[in-house]
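Here is the structure we will look at.
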Amino acid sequence: MSAARLIDDGTMDTVVVCPECGEEQRYSYAIGGPDQVQGEEPAESYDEFVKWAMADFDGEHECPEEEAK
């Protein structure tokens, strides 16, 4: 399970934050990107996108709190 969490900062971005150090990463979910055919569903649901964003954050983030331990 991810230690990261989603926050709402008032923008349209999907923001993932580390609860330990506060580092934030922004992700943008593009509904109807350039490859989507009109009338079809997006390639991935928003829930799938959020799972990917949190996994991406966890895989890339190096928390200074963890480095100090």
Side-chain angles (χ1 to χ4, degrees):
M1 183 173 185
S2 174
R5 60 186 176 90
L6 295 176
I7 63 169
D8 181 357
D9 68 348
T11 67
M12 294 299 290
D13 292 336
T14 299
V15 184
V16 181
V17 65
C18 173
E20 299 297 320
C21 70
E23 180 179 331
E24 296 179 0
Q25 180 67 44
R26 296 176 176 279
Y27 296 87
S28 296
Y29 179 66
I31 297 174
D35 296 330
Q36 183 181 349
V37 176
Q38 187 172 3
E40 289 185 358
E41 292 294 318
E44 62 182 345
S45 70
Y46 183 70
D47 288 342
E48 291 168 334
F49 170 76
V50 169
K51 288 177 187 175
W52 169 83
M54 293 183 80
D56 181 72
F57 182 85
D58 283 340
E60 297 293 321
H61 178 65
E62 294 183 20
C63 186
E65 297 292 322
E66 291 175 1
E67 293 172 5
K69 292 179 183 177

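The residues of the chain are indexed from 1 along the displayed sequence.
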What pair of heavy atoms forms the shortest contact from Gly22 to Val17, and how long is it? O-CG2, 3.5 Å
Just verifying a value: how many Å separate Ser45 OG and Lys51 NZ, rounded to the nearest 0.5 Å? 7.5 Å
Quick check for you: to the nearest 0.5 Å, what is the distance between Phe57 atom CZ and Thr14 atom OG1? 13.5 Å
Between His61 and Glu23, does any side-chain donor sit less than 3.5 Å from a side-chain acceptor? yes
